[in-house]
Amino acid sequence: MNEDIKLKILNKIKEYNRIIICRHIRPDGDAAGSTLGLRRILRLTYPQKEIYVINDDYSRDMAFLGEEDAQREDSFYTGALIIVIDTGSEDRVSNSRLGLAKEMIVIDHHIEREPYGAISWVEPERSSACEMVADFYASFKDELCMDTEAATCIYAGMVTDSGRFRFESVTGETLRLAAMLLDKNINTQKLFAMLYLDTLSEHKFHAYVLNKLKLTKNGVAYIYISLDAQRRFGLTSEQASNSVAYLNSLKGSIIWIAFIENEDGSIRVRLRSRFVTINQLAESYGGGGHAQASGATIYSLAEMRGFVRRADKLIEQYKSENDDWL
Ligand code: AMP
């Protein structure tokens with residue numbers, strides 16, 4: 001699929017000596033894995049080129065996959081190629097110097113709001129951006145090099161963004177590409193331990209979330225995590241944000257939301273669903289994402305209540321028109 005565009009991307013990569021790879025702010029496994037994985041593939045394949053992953057923010061949770069490169073001065077970007085991966089809109093790219101580069105390529109699996117980049121390879125039906133990087137490698141595997149390190153980064157993103165290969169977006173092709181990566185000797189025991197083991201305080205926080213969650217009439221499960229609660233459990237905002245995953249398996253609750261208070265008083269919204277599509281709801285609050293995993297930022301508890309009401313209406317409508325939900 002999209003062989004032409006992949007070839008164009010490969011040719012651009014060949015054309016440039018300095019390539020800077022970027023991802024979205026607040027990186028998850030897919031953003032970190034896809035950028036670090038592609039960096040490794042390109043460094044192995046083109047040792048004479050300068051290949052960097054440069055972003056303005058940092059994720060402690062994903063640092064085990066590898067360190068990114070330090071931010072550089074403006075002139076460093078002159079004449080460089082930027083490759084942005086896993087980022088649905090330009091304003092979410094974690095690199096304020098983006099515009100200084102000569103050209104930009106976008107590789108992404110979000111529902112596209114406004115196309116950007118000279119070459120834009122976007123497939124929203126893909127389970128992860130890492131799946132696209134794996135597919136890119138598979139298309140040119142006689143030419144590109146991959147090792148255990150690259151495979152581990154890319155596999156990590158495929159595993160995390162697909163809910164461990166459970167989501168509807170997972171296809172036969174996803175698993176064939178994952179199999180190709182596993183053949184590179186990934187240490188899955190270590191990888192899954194790094195990804196999914198929690199500290200005792202995180203487990204206690206999990207219990208707190210289950211005790212505190214609220215459920216609307218039609219089945220929206222939601223939780224508000226104040227800064228105060230984050231401090232009480234000694235959590236980073238990244239750890240507090242994981243609370244959305246604790247709400248994901250309640251029967252009949254087909255939309256669930258974690259609202260996390262940010263340091264500046266704004267509220268991060270992490271929105272998830274089964275069966276029902278929720279990205280338009282996120283978009284109407286200036287956010288976006290995927291059909292069943294989206295996010296936004298809101299600015300007050302009143303706005304939060306409105307958000308929950310609208311999510312509840314979405315469920316009400318969905319349940320009145322469908323009977324295949326659980
Ligand atoms: P998160 O809850 O942060 O994991 O985000 C879920 C999905 O929604 C990801 O694919 C994000 O890129 C996207 N997303 C999250 N927040 C926003 C936002 N404020 N604007 C646009 N997309 C977002």
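As the structure lists them, so they are numbered: ligands from 1, and atoms in each ligand from 1.
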Only distances under 3.5 Å count here; give the side-chain donor-acceptor pairs of residues 175-185 to other protein atoms, sequence neighbours excluded, each with its distance to 0.1 Å.
{"residue": "R176", "atom": "NE", "partner": "E173", "partner atom": "OE1", "Å": "3.4"}

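- Between Y222 and F307, a ring centre-to-centre spacing not shorter than 6.0 Å is recorded.
- When the side chain to side chain contact (heavy atoms under 4.5 Å, CB included) test is applied to E90, the partners found at least two apart in sequence or on another chain are L98, M104, Y116.
- Listed by chain and residue number, the protein contacts of ligand 1 are R92, H110, R113, R268, R270, R272, G287, G288, G289, H290, A293, S294, G295, A296 (heavy atom within 4.0 angstrom).
- Salt-bridge check for D74 with R97: passed, with a basic side-chain N closer than 4.0 Å to an acidic carboxylate O.
- Under a cut-off of 6.0 angstrom, the local environment of CD in E3 is crowded, with over 12 non-hydrogen atoms contributed by other residues, nucleotides or ligands.
- Residues meeting the side chain to side chain contact (heavy atoms under 4.5 Å, CB included) test with L227, sequence neighbours left out: Q230, R231, E261, E263.
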